[in-house]
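Reading through the structure tokens given below for one structure.
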Amino acid sequence: MHFIKVGLLVGSVSLSTALDANCAPGGNFDLSHWKLQLPSGKPDHPDEVSADKLGDCHGPGDKTSSECVSTQHSDHCRSELRESNPSSWDPHADKNRLFGELKVTKNDGEICIGQIHIDEHISYKPVAELYYNSAGDLKMGVQLCADNSCKQKRVDVDHVPKGERFTYEI
């Protein structure tokens, strides 16, 4: 099985909605369909903060940790906002969309800022991952085969200086 098409749109535009800087993200955004995966927990089973604990101005509290726990098919510990029971994403649909707006203020290496998965029964690796490196370069990594026997193909996308807000759409 080969994956066919992944499109990417990057722009330096900003959302016009005013945000309350004194409020945790759940007080500014609807996080009722999301959960937060943390780098703490038991091996292969990172801790998660459920949507009901994300959905107000107080947030989940201080979750800092020096642990490094990852999911079963990853070597990378991380904090990750994940959609709970994604009904908006259908691996069999002709078109799906991931939109993000962010500003990277500190990065000494390369980080994944967005990724697209398909049904885990087909492949547990992301089909596409958008990377941002310490030089400000954006690269799209595309998985070319479902059985994970091949490496990602990396494609240069754009350059965004560190500290500049930008949007992306995959």
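Just so it is clear, the values below take in all heavy atoms, side chains as well, and ignore hydrogens, waters and symmetry mates.
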Rounded to the nearest 0.5 Å, how far does [atom2] of [Y] lie from [atom1] of [X]?
X    : Y    : atom1 : atom2 : value
L98  : I116 : CG    : CD1   : 4.5 Å
K139 : N133 : NZ    : CG    : 6.5 Å
E101 : T167 : CD    : OG1   : 6.5 Å
E129 : Q143 : CD    : CD    : 8.0 Å

Among the clusters formed by ILVMFWY side chains lying less than 4.5 Å apart, do [X] and [Y] turn up in the same one?
X    : Y    : value
L138 : L102 : yes
L54  : L19  : yes
V155 : Y132 : no
L36  : V69  : no

Shortest non-hydrogen contact from [X] to [Y]?
X    : Y    : value
Y168 : I113 : OH-O, 2.8 Å
D56  : A24  : O-CB, 3.8 Å
S32  : A51  : O-CB, 3.5 Å
S134 : D108 : CB-C, 3.8 Å
P25  : L31  : C-CD1, 4.0 Å

> Would you find a donor on one side and an acceptor on the other, under 3.5 Å apart, between the side chain of N28 and the backbone of D20?
Replying inline: yes
>> Donor-acceptor check, side chain of K162 to backbone of N107, threshold 3.5 angstrom: yes or no?
In response: yes
> Without hydrogens or angle criteria, can the side chains of Y131 and Q152 be said to hold a donor-acceptor pair below 3.5 Å?
Replying inline: yes
> Under 3.5 Å, is there a donor-acceptor pair linking the side chains of D47 and S40?
Replying inline: yes
> Is M140 close to R154 at the side-chain level, that is, under 4.5 Å between some pair of heavy atoms?
Replying inline: no
> Does the side chain of K35 come within less than 4.5 Å of S50's, by heavy atoms?
Replying inline: no
> Charged N to carboxylate O below 4.0 Å: is that the case for E164 and K103?
Replying inline: no
